[in-house]
Amino acid sequence: MKRAWWKEAVVYQIYPRSFMDSNGDGIGDLKGITSKLDYLKQLGVDVVWLSPVYKSPNDDNGYDISDYRTIMDEFGTMEDFDEMLEAMHARGIKLVMDLVANHTSDEHPWFIESRKSKDNPYRDYYIWRPGKDGAEPNNWLSYFGGSAWQYDETTGEYYLHLFSKRQPDLNWENPKVRDEIYDMMTFWLDKGIDGFRMDVINAISKVEGLPDAPNPNGEKYVWGGQYFLNGPKVHDYLQEMHERVLSKYDIMTVGETGGVTTQDALLYAGEERRELNMVFQFEHTEKLDSGPGGKWDIRPWKLTDLKAIMSRWQYDLHGKAWNSLYLNNHDQPRSVSRWGDDKRYRVESAKMLATFLHMQQGTPFIYQGEEIGMTNVQFDSIEDYRDVEIHNLWQDRVVRGGQDPDVVMRAIHAKGRDNARTPMQWDDSENAGFTTGTPWIKVNPNYKEINVKNALADPQSIFYYYQSLIRLRHEHPVVVYGRYDLILEDHPEIYAFTRTLGDECWLVINNFFSGTPVFELPDHLPSEAPQLMISNYEVPENDDIRRIQLRPYESRVYRLS
Ligand code: NOJ
């Protein structure tokens, strides 16, 4: 396996709106980020991935861009950006920006032109179609509910929007669109940024003809992913992008690719493919705890399923492509609430989840607040939520659909994206030290207990545990490059595996629940001289590792040879 800096790095994702507000307007900003870089340095991360900071009317918090080359007013200025980038580089931290190129905002000048007339030079920058039998051009469901098409009166046609109606999809078939995107990427790379996280990048090529999706249950709109995810020209476009832009810089790229299999990932991120460095897969975050009804159809999850998914990604990519490792981001509920116990064993389970993830092969991504064990939030009123997806759901199901509001609210509490978007909890002062003004979204009421100040004052905190995990990765190549092998495959409570590089072998043991199961070391592994590398409980010296009665959410990592 070839060595690369981005394989050895740990990434920290910042959702700027909720990270740190420097000017009291209640919205996080770039100066706020700059003021917290020493904190990130202390944690030890190598790279920051910054969610979008470009000019935007914020229908989807910056994922609807109206000018790719300007900073969003609320976040500051280009000078603030340059200052932030310099301050990151001065600390040895790299910066990866969000590239949102599947769609723009409806306020982007290209779209404003495009909708003016059918012969406008920008018409073909977007995907316009006439209606079919007095309705939408096809039956595709948008990611945020309802039709993926919006009728526009000026020209009497519909435009495609896979996300909100204020996020029209760009037409990648048009070479001018691709040129514009590549130029814009070059603009940012020439400023000295260190890579891109590419938003829904596997949706940029749509199947010709935009056919109706099969609709066995006769629903109004149905999921049409098979016609736009991993579409026919996506690899041509990415190879072109690589050739024209990416190959010219020493950067890191990670594509957000919903619905990909490991075989798809080898095409996007195969070592020799000249496309991307990594992809974000969604099997553990989308499938594990969802039923056939999708994200809001919440089901209990099984550890053996999680093992099967993660192990498949570890095995299938080994030596051929590189994994990204994540449990949280700005679209997912908080991992400690979802897979751990955010009450009695919050600290133990947050550390266990971190161990399980950071000890795998791949590049780990930490989402702001994860390193202090921030949890989901439970607002009582829909008014307290800000996310367009949550509001669309409420409209669809409660207001128009007449469903039980309590049931829908429970689903929002479990899976809503605002769980991850409440302000970063810095201290126990008002608004958790995030802002001196009124925050754009309420702070999680548990900030008095869960905050950075407390974490930094407590040597046993989750923060210092993450710091240790990051250090282990930096100091031991086996953590980065070692081969992964699952052991105790069928155990319902313990997730254990080994990592091997040359003669060195590490053993990772995680008790995923609050029981006290017994770990039994498989015979083929050496037990003579185990060296404890990290654990989330006190471990008696010379503990016999052939048989360990684990405590709730206990994690241990041993070097066996
Ligand atoms: C994925 C982003 O992560 C999400 O936040 C956004 O709503 C959609 N893409 C649309 O850009």
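In each ligand, atom 1 is the first atom listed, and ligand 1 is the first ligand listed. Not measured: the values here are computed from a predicted model.
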Under 3.5 Å, is there a donor-acceptor pair between the Thr422 and Asn444 side chains?
-> no
Gln425 and Asn446 side chains, donor-acceptor separation under 3.5 Å = yes
Please work out whether the ring planes of Tyr15 and Trp440 are parallel, tilted or perpendicular, with thresholds of 30° and 60°.
-> tilted
Just say parallel, tilted or perpendicular for the rings of His235 and Tyr268, cut-offs at 30° and 60°.
-> tilted
Below 6.0 angstrom between ring centroids: does that apply to Tyr466 and Phe463?
-> no
By salt bridge (charged side-chain N to carboxylate O under 4.0 Å, His left out) - contacts of Asp124 (at least two apart) | none
Show me a pair-per-line table, with atom names and distances to 0.1 Å, of protein N or O atoms that are under 3.5 Å from an N or O of ligand 1.
unit_1: ligand 1; atom_1: 3 (O); unit_2: Arg197; atom_2: NH2; d: 3.0
unit_1: ligand 1; atom_1: 3 (O); unit_2: His330; atom_2: NE2; d: 2.8
unit_1: ligand 1; atom_1: 3 (O); unit_2: Asp331; atom_2: OD2; d: 2.5
unit_1: ligand 1; atom_1: 5 (O); unit_2: His330; atom_2: NE2; d: 3.0
unit_1: ligand 1; atom_1: 5 (O); unit_2: Asp331; atom_2: OD1; d: 2.7
unit_1: ligand 1; atom_1: 5 (O); unit_2: Asp331; atom_2: OD2; d: 3.4
unit_1: ligand 1; atom_1: 5 (O); unit_2: Arg417; atom_2: NH1; d: 3.3
unit_1: ligand 1; atom_1: 7 (O); unit_2: Asp60; atom_2: OD1; d: 3.4
unit_1: ligand 1; atom_1: 7 (O); unit_2: Asp60; atom_2: OD2; d: 2.5
unit_1: ligand 1; atom_1: 7 (O); unit_2: Arg417; atom_2: NH1; d: 2.9
unit_1: ligand 1; atom_1: 9 (N); unit_2: Asp199; atom_2: OD1; d: 2.9
unit_1: ligand 1; atom_1: 9 (N); unit_2: Asp199; atom_2: OD2; d: 3.2
unit_1: ligand 1; atom_1: 11 (O); unit_2: His103; atom_2: NE2; d: 2.9
unit_1: ligand 1; atom_1: 11 (O); unit_2: Asp199; atom_2: OD2; d: 2.7

